[in-house]
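Only one structure is covered here, and it is reproduced in the block below.
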Amino acid sequence: MKQVHVAVGVITDANGKILIAKRPQVAHQGGLWEFPGGKVEPGETVQQALTRELFEELDVQCSDFVPVIQISHDYGDKQVLLDVYRVVSFTGTAIGKEGQPLNWVSPSELGSYPFPAANYPIVNALQLPDRLVITGDFASQPECLARVDACLVRGAKLLQLRAPELEQEAFIRLAQRVLARCHREGAKLVINADPSQPFTADGVHLNGKRLSDMSERPPALADLLVGASCHSAQDIHKANRLGLDYIFLSPVQPSASHPNAKPLGWAAFAEFTAFAKMPVYALGGMSDDNILTAKEAGGQGVAGISAWW
Ligand SMILES: Nc1nc2c([nH]c(=O)n2[C@H]2C[C@H](O)[C@@H](COP(=O)(O)OP(=O)(O)OP(=O)(O)O)O2)c(=O)[nH]1
Ligand SMILES: [Mg+2]
């Protein structure tokens with residue numbers, strides 16, 4: 001079956017609310033909400049198609065785009081490649097030119113709207129930040145908490161608590177305190193821990209071993225964020241099968257914490273993100289300076305320790 005290439009636009013207003021539209025009842029995936037857009041016509045670039053579709057459907061003129069995510073999905077009756085871009089600037093007032101209902105919703109409200117199945121990774125990508133901070137070394141619990149506070153003050157919105165040297169009980173106690181601080185600042189916490197043990201956090205991060213040991217996503221983790229560390233195509237296929245919410249792909253560049261690992265480079269990173277069905281963070285030698293490069297290579301953004309801890 002031929003894949004239909006679809007240009008999809010994420011339009012945000014001054015308050016950070018995102019424009020969604022209801023698909024006509026009779027259309028493919030009809031009656032569900034969507035991000036506006038449509039098929040790329042022969043000879044068009046994705047940006048040209050998006051500019052045309054957003055004018056046809058909404059009466060707005062869009063000029064500047066940043067990639068969000070690419071999702072290929074097989075509906076059985078149709079295969080689509082959704083090429084999703086954030087609209088950086090537009091002029092005009094959005095109206096439903098084809099009679100379609102429109103709604104402006106905050107990223108956290110997106111989960112309560114029924115979207116086509118292919119859209120769930122898009123919703124994840126819109127809810128996740130473009131920087132994920134992993135905790136590094138600390139000599140004591142107070143030092144760890146002080147470093148977490150500093151990361152939060154500098155704007156971290158998603159942290160991963162990683163402390164393999166701590167015993168399970170001490171780790172869980174520390175995680176509770178870090179979680180309280182994150183929530184106070186409107187940030188989320190995932191913990192790098194055994195997902196079969198009880199824990200309180202917004203989600204769990206699987207290291208390579210735990211990713212390979214997991215045969216299906218445990219029902220207890222259905223509503224939590226579940227991510228994993230990937231280093232190969234095989235790992236990404238496994239993460240796709242498990243339906244994970246995000247992955248790390250590493251090492252993209254030489255990194256201080258893993259000096260002997262061979263870096264992938266951005267070209268290989270882009271090839272890998274093309275078949276990942278979830279947001280992908282570039283890890284290994286990353287800093288804020290690499291966020292745009294990571295997005296242009298199909299990633300969600302960057303993750304790391306050294307630049308922020
Ligand atoms: N625009 C859009 N399409 C989506 C989303 N999610 C999703 O699975 N799709 C699918 C549904 C359709 O099979 C295809 C897009 O088709 P479309 O109906 O928007 O195409 P179009 O605007 O060119 O419309 P038409 O000329 O065919 O009427 O992609 C989404 O968020 N936005
Ligand atoms: Mg359309």
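Counting starts at 1 for both ligands and their atoms, following the listed order.
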Logged contact type for Lys78 with ligand 1, heavy-atom cut-off 4.0 Å, is side chain
Could you tell me if His183 and Asp202 have a donor-acceptor pair between their side chains, going purely by distance under 3.5 Å?
yes
Would you say that more than 12 heavy atoms from the other residues, nucleotides or ligands in this model lie under 6.0 Å from the CG of Asp137, or not?
no
If we number the atoms of ligand 1 from 1 as shown, the ones under 4.0 Å from a heavy atom of Glu57 are 22 (O)
For Lys238 and Leu211, indicate whether the former's side chain and the latter's backbone hold a donor-acceptor pair under 3.5 Å.
yes
Identify the protein heavy atom lying closest to atom 32 (N) of ligand 1, giving its residue, its atom name and the separation to 0.1 Å.
Phe35 O, 2.6 Å
Find all atoms of ligand 1 within a distance of less than 4.0 Å from any non-hydrogen atom belonging to Glu34, and give their numbers and elements.
1 (N), 2 (C), 3 (N), 30 (C), 31 (O), 32 (N)
Centroid separation His231 to Phe272 less than 6.0 Å
no
Per-atom filter on ligand 1: closer than 4.0 angstrom to a heavy atom of Tyr75 are 7 (C), 8 (O)
Nearest N/O/S atom of Glu57 with respect to the Mg ion (ligand 2), by atom name, please.
OE2
Which residue holds the protein heavy atom closest to atom 18 (O) of ligand 1, what is that atom called, and what is the gap in Å?
Arg23 NH2, 2.9 Å
For Arg162, is the CZ atom crowded, meaning more than 12 foreign heavy atoms sit under 6.0 Å from it?
no
Which residue owns the protein heavy atom closest to atom 14 (C) of ligand 1, what's the atom, and how far is it?
Val6 CG2, 3.7 Å
If you scan protein heavy atoms around atom 4 (C) of ligand 1, the nearest is Leu82 CD2, 4.1 Å
Among all protein heavy atoms in this structure, tell me which lies nearest to atom 13 (O) of ligand 1, with the distance rounded to 0.1 Å.
His28 ND1, 2.6 Å
Within 45° of the axis and under 6.0 Å from the centre of the six-membered ring of Phe55, does NZ or CZ of Lys97 qualify?
yes
Do the ring planes of Phe275 and His237 sit parallel (below 30°), tilted (30 to 60°) or perpendicular (above 60°)?
parallel
In ligand 1, which numbered atoms sit nearer than 4.0 Å to a non-hydrogen atom of Gly38?
19 (O), 20 (O), 21 (P), 22 (O), 23 (O)
Could you tell me the residue and atom name of the protein heavy atom closest to atom 31 (O) of ligand 1, and the distance to it rounded to 0.1 Å?
Asn119 ND2, 2.7 Å
Polar-atom distance check: Gly37 versus ligand 1, any N or O pair below 3.5 Å?
yes
Are there over 12 heavy-atom neighbours, none belonging to Asp223, within less than 6.0 Å of that residue's CG?
no
Tell me whether Arg177 at atom CZ has more than 12 heavy atoms from other residues, nucleotides or ligands lying less than 6.0 Å away.
no
Does an N or O anywhere in Gln29 fall below 3.5 Å from an N or O of ligand 1?
no
Kindly indicate whether atom 28 (O) of ligand 1 is approached by any protein heavy atom to under 4.0 angstrom.
no
Thinking salt bridges, do Glu143 and Arg147 make one under a 4.0 Å N-O criterion?
yes
Give me the nearest non-hydrogen protein atom to atom 23 (O) of ligand 1 as residue plus atom name, then the distance to 0.1 Å.
Lys39 N, 3.0 Å
Does Gly37 put an N, O or S atom under 2.8 Å from the Mg ion (ligand 2)?
yes
Considering both backbone and side-chain atoms of Ile122, is one of its nitrogen or oxygen atoms within less than 3.5 Å of a nitrogen or oxygen in ligand 1?
no
Mind checking whether the Mg ion (ligand 2) has an N, O or S of Glu34 under 2.8 Å?
no
Would the Phe115 and Phe35 ring centres measure less than 6.0 Å apart?
yes
What is the ring orientation for Trp266 with Phe269, classed by angle as parallel under 30°, tilted 30 to 60°, or perpendicular over 60°?
perpendicular
